[in-house]
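Numbered from 1 within each chain, the chains take letters A, B, ... in sequence-line order.
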2 protein chains.
Amino acid sequence: MADVFQILAVPSRRHLLEALRDGERSVGDLVHRTRLSQPSVSKQLRILRDSGVVALRAAGRQHLYSIRGRSLREASEWLSYYERFWQEGLSRMDEALRREPRSRPRRNG
Amino acid sequence: MADVFQILAVPSRRHLLEALRDGERSVGDLVHRTRLSQPSVSKQLRILRDSGVVALRAAGRQHLYSIRGRSLREASEWLSYYERFWQEGLSRMDEALRREPRSRPRRNG
DNA sequence: CCATTACATACCTAAATGGACATATATCCC
DNA sequence: GGGATATATGTCCATTTAGGTATGTAATGG
């Protein structure tokens, strides 16, 4: 069960997850949406499943995969600590001041 | 300029970014906060810089690194497409229905 | 039962890369 | 200048792994 960022690091796996955004898809369906061979798709789906990012449901001969939010949430939460670095227009100067709250900014730098 | 998820896939790099959460840090400072050698820290900082995740500011002999939000934002935005998978209690059944909005749920499946 | 369809697994290989050590470069201080 | 400090780069290596091909397995239909 590798960490979620390592899972997301591979473009093919992200493409698979993008194809799953609007619901369950079969393996063959996913193969058509990528440039990967069927075994490669199955392999990446296996990795996604082992890491808890997708779930599998059997339906006859078909295997239907779907997104499981829980693991992706970890990544999102990690990134949330950095939101302030783009939400406010934080410059490095602002940061420097933030680290030394005792010294007030001087009029002339 | 590798993609941001590949950058974040390496734990050492995430540790460096965590150490930069509350502002600029020098290289030596970051070395003390990791178990990496100084050259390894410099190497990873170089990668982070090339990918636009951190910025460098020289201050005498010291090189001060800081977070640049822009690149991380891309990752956060990608993940935002999956928020609904954990924000609502979405089951696979819900998803199936979402994919076929024309057919109403039948009383007996 | 047999062919077909749908998917998974085994195995292999080429490529990428994280981290270490040695060394180069730059700045500071005496 | 010269030594010390701070950081960067060069080089090497062991490890990981994405993707392909070949093959195995399970479900469906006649």
Can you list everything that forms a side chain to side chain donor-acceptor pair (under 3.5 Å) with B:Arg33? Sequence neighbours excluded, please. B:Asp29
Would you classify A:Arg49 as touching base, sugar-phosphate or nothing, given that sugar-phosphate means primed atoms plus P, OP1 and OP2, and contacts are heavy atoms under 4.0 Å? nothing
Quick one: OG on B:Ser71 to CZ on B:Phe5, what's the gap to the nearest 0.5 Å? 12.0 Å
Is a side-chain donor or acceptor of A:Arg13 paired with a backbone partner of A:Ile7 at a separation under 3.5 angstrom? yes
DNA chain D: 5'-most and 3'-most nucleotides touching chain A, 4.0 angstrom heavy-atom criterion: D:dT17 to D:dT28
A:Leu48 CG to C:dA8 P: how many Å, rounded? 12 Å
Protein-nucleotides 28-30 of chain C N/O pairs under 3.5 Å:
{"residue": "C:dC28", "atom": "O4'", "partner": "B:Arg61", "partner atom": "NE", "Å": "3.4"}

May I ask you to evaluate whether A:His63 reaches the phosphate of C:dA6, defined as a side-chain N or O under 4.0 Å from OP1 or OP2? no
Might you work through the side chain to side chain donor-acceptor pair (under 3.5 Å) test for B:Ser42 and B:Gln38, ending with a clear yes or no? CA-CA 6 Å; B:Ser42 283; B:Gln38 175 267 311; 3.1 Å; yes
Does the distance from a Lys or Arg side-chain N to an Asp or Glu carboxylate O, for B:Glu18 and B:Arg14, drop under 4.0 Å? no
What pairs of residues pass the ring-ring contact (aromatic ring centres under 6.0 Å, His included) test when at least one of them lies in residues 29-66 of chain B, not counting sequence neighbours? none
What is the nucleic acid contact for A:Ile47, judged by heavy atoms within less than 4.0 Å: base, sugar-phosphate only, or nothing? sugar-phosphate
In this structure, OG of A:Ser26 is separated from CG of A:Leu64 (nearest 0.5 Å) by 6.5 Å
Hey, what bend do you get for the helix from C:dC1-D:dG30 to C:dC30-D:dG1 if you fit axes on five pairs at each end, rounded to 10°? 20°
Run the side chain to side chain contact (heavy atoms under 4.5 Å, CB included) test on A:Leu8 and A:Leu72 for me, step by step, so that the C-alpha distance in whole Å, both residues' side-chain angles and the decisive distance to 0.1 Å come before the verdict. CA-CA 9 Å; A:Leu8 298 176; A:Leu72 293 178; 3.9 Å; yes
Would you check if the side chain of A:Ser51 reaches a backbone N or O of A:Asp3 as a donor-acceptor pair within less than 3.5 Å? no
A:Leu20 and side-chain contact (heavy atoms from CB on, under 4.5 Å): which partner among A:Val53, A:Leu30, A:Leu48? A:Leu30
Go through residues 33-46 of chain B and report each residue with a non-hydrogen atom lying under 4.0 Å from DNA chain C, sorted by number. B:Arg35, B:Leu36, B:Ser37, B:Pro39, B:Ser40, B:Lys43, B:Gln44
Run the ring-centre check on A:Trp86 versus A:Tyr82 and record whether the distance is less than 6.0 Å. no
Under 4.0 Å: is that the gap between some side-chain N or O of A:Tyr65 and OP1 or OP2 of C:dA6? no
Give a yes or no answer on whether the side chain of A:Ser80 reaches the backbone of A:Glu77 with a donor-acceptor pair at less than 3.5 Å. yes
Derivation of the side chain to side chain contact (heavy atoms under 4.5 Å, CB included) call for A:Val54 and A:Leu16: CA-CA 10 Å; A:Val54 303; A:Leu16 289 171; over 6 Å; no
Nearest-Å distance for atom pair CG/C1', residues A:Leu56 and C:dC7: 10 Å
Value in whole Å for how far the P atom of C:dT5 lies from CG of A:Asp29: 18 Å
